[in-house]
Amino acid sequence: MEKSNDTHLVEKITHLKEEKDAIILVHNYQRGEIQDIADFLGDSLALSRQAGELTCKMIVFCGVRFMAETAKIISPDKVVLLPRKEASCPMANMINKEELQKMKIKYPEARVVSYVNTTAEIKAESDACCTSANAIAVVQNIDAERVIFIPDKNLANYVSRFTDKEVIPYNGYCYVHVRIRAEDIKKAKKIHPDAVVFVHPECPPEVIELADEVASTAGMLKLARASEARKFIIGTEEGLIYRLKKENPEKKFFAAGPALICRNMKLTRLEDVYLSLKEERYKVEVEDNIASRARKALNEMLKYA
Ligand code: 13P
Ligand code: SF4
């Protein structure tokens, strides 16, 4: 039988990876065929951690820009490549330095916790970063009673339920997760009354209210593995459903309403990964002065599970 174009590409990628001493890090929202070539597949926290532990020369980051930038900041001596240079997270671009500065002036005694879905410049202006997996722990452990939490208002709202600290939100959001409506969850529950509902904390509060579990993508994978339930309604980007099904073939996973697709995450294809390795493109660079300050905030994030 003749080999498919994808099989050829995967072979070439494997060869180039060895030749260039490269590792492929892949986020849980990537296309199935990209997840399948991952050396490490994970959520933003696990991939950030992984970037710091690797000993290879090169990282190909299949995800969005803030993730590749984070890997570069944590591991500055490695070449970090983002196969599609326009793959960025719109939420990460919702707040700029001037807007953050205004909040700092308004709340001078507050500390700043920024979601990892931010630019390196914003991280450099923050006291700590967090991901959805450890946002509560980071806020709880920061040395201040008032916390400016940027940019995701829904994650800020979710975190505020678990702390007595005053959480001051910004008005950012994820255009993918805000598409899930409470009616979608109710409808899905009617169709699958015996299913457990998992949603990401970037969902709106009225959706979170209806969930059995609120978790990061890695959190959902862990919960699904451990659960006795057989059916699950998943309120996050559909790439995670690919992985959930692959790892739990005996269980059933349903999208909470219409398929949720992050266009930015889906830009990367096998051809892009191949060209990225072959031509060493697109190199992610972060200015030293920004990187050193952002690294401090990221190191705070890495303290918490
Ligand atoms: P995780 O940290 O759960 O992987 O999520 C990242 C993200 O971009 C959510 O939309
Ligand atoms: Fe950004 Fe939302 Fe896409 Fe995650 S799913 S990368 S938060 S736009």
Side-chain angles (χ1 to χ4, degrees), residues 25-31 34-35 38 40-51 61-71 74 82-95 113-119 122-123 129-138 149-156 158-159 170-180 198-204 207-208 211 213-224 234-244 255-268 298 301-302 304-305:
L25 297 187
V26 177
H27 186 265
N28 289 325
Y29 292 161
Q30 290 283 293
R31 291 173 181 275
I34 302 294
Q35 295 195 22
F40 295 98
L41 174 61
D43 69 346
S44 357
L45 185 60
L47 294 174
S48 306
R49 214 163 251 140
Q50 200 55 250
F61 209 117
C62 301
V64 287
R65 179 166 297 275
F66 78 80
M67 297 178 175
E69 239 175 38
T70 298
I74 291 176
L82 182 67
R84 289 292 294 258
K85 64 172 181 304
E86 71 278 42
S88 70
C89 165
M91 173 161 42
N93 299 320
M94 281 181 187
I95 186 162
V113 174
S114 64
Y115 195 20
V116 73
N117 301 42
T118 43
T119 60
I122 289 293
K123 289 182 177 76
C129 293
C130 71
T131 76
S132 57
N134 66 6
I136 297 167
V138 172
F149 190 98
I150 53 166
D152 188 11
K153 62 179 177 189
N154 290 325
L155 183 60
Y158 178 68
V159 168
Y170 187 68
N171 59 4
Y173 60 89
C174 162
Y175 78 99
V176 180
H177 288 87
V178 297
R179 280 186 47 218
I180 309 183
F198 292 173
V199 307
H200 197 278
E202 289 175 10
C203 291
V207 167
I208 287 185
E213 301 282 357
V214 181
S216 73
T217 56
M220 290 189 204
L221 285 155
K222 200 169 159 197
L223 287 163
I234 305 298
T236 195
E237 212 274 347
E238 55 116 55
L240 186 75
I241 298 183
Y242 175 85
R243 182 169 176 193
L244 283 164
L260 294 173
I261 296 173
C262 174
R263 290 188 297 274
N264 324 64
M265 281 284 181
K266 296 296 190 265
L267 284 171
T268 312
L298 283 166
M301 171 182 98
L302 294 174
Y304 303 98

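Just so you know, ligand 1 is whichever comes first in the structure, and atom 1 is the first atom listed for that ligand.
Here the straight-line distance linking atom CG of N264 with atom CE of M91 works out to 11.0 Å at 0.5 Å rounding. Rounded to the nearest 0.5 Å, atoms CD1 (I150) and CD1 (I95) are 4.0 Å apart.
Below 3.5 Å of separation, one finds no N or O of Y115 facing any N or O of ligand 1. In terms of polar-atom proximity, D43 is not counted as a contact of ligand 1, lacking any N or O under 3.5 Å from an N or O of the ligand. Residue S44 places at least one N or O, backbone or side chain, under 3.5 Å from an N or O of ligand 1.
Those atoms of ligand 1 with a heavy atom of S216 less than 4.0 angstrom away are 3 (O). In summary, the atoms of ligand 2 found under 4.0 Å from a heavy atom of E202, numbered by their order in the structure, are 2 (Fe), 7 (S). The distance from ligand 1 to the heavy atoms of E202 drops below 4.0 Å at these ligand atoms: 7 (C), 9 (C), 10 (O). Set against the non-hydrogen atoms of H27, the atoms of ligand 1 under 4.0 Å away are 1 (P), 4 (O), 5 (O), 6 (C). Close contacts between ligand 1 and H177 involve ligand atoms 10 (O) [criterion: under 4.0 Å to a heavy atom].
Heavy atoms of E237 found under 4.0 angstrom from ligand 1: none, in either backbone or side chain. The side chain of N117, and not its backbone, has at least one atom closer than 4.0 Å to an atom of ligand 1 (non-hydrogen atoms only; side chain from C-beta on).
Exactly one of L45, L47, L298 qualifies for a side chain to side chain contact (heavy atoms under 4.5 Å, CB included) with V116. That residue is L298.
Shown here for V178 and E202, the closest heavy-atom pair between the two residues is CG1-O, 4.5 Å. For F66 against A92, the heavy-atom pair with the smallest separation is CD2-CB, 4.3 Å. For the residue pair L82 and G63, the shortest heavy atom distance occurs at CD1-O, 4.0 Å. Between T118 and P151, the closest heavy-atom pair is CG2-CD, 3.6 Å. In plain terms, the two heavy atoms of K153 and Y170 that are nearest each other are CB-O, 3.2 Å. In plain terms, the two heavy atoms of R243 and L221 that are nearest each other are NH1-CD1, 3.4 Å.
The closest approach between any non-hydrogen atom of M265 and ligand 1 is not below 4.0 Å. At least one heavy atom of H200 sits under 4.0 Å from some atom of ligand 1. Within the structure, ligand 1 lacks N28 among the residues with a heavy atom less than 4.0 angstrom away. The closest approach between S132 and ligand 1 falls below 4.0 Å for a heavy atom of the residue.
The number of heavy atoms from other shown groups lying within 6.0 Å of OH (Y158) is above 12. Within 6.0 Å of NZ on K85 lie no more than 12 heavy atoms contributed by other residues, nucleotides or ligands.
You'll find the side chain of V214 stays beyond 4.5 Å of the side chain of H200, heavy atoms only.
Distances under 2.8 Å from atom 1 (Fe) of ligand 2 pick out the protein N/O/S atoms C89 SG.
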Practice item. Evaluate the criterion salt bridge (Lys or Arg N to Asp or Glu O under 4.0 Å) for residue pair K222 and E213; output intermediate values, then yes/no. Key: CA-CA 11 Å; K222 200 169 159 197; E213 301 282 357; over 6 Å; no
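Of all protein heavy atoms, the one closest to atom 4 (Fe) of ligand 2 is Y29 CE1, 4.0 Å.
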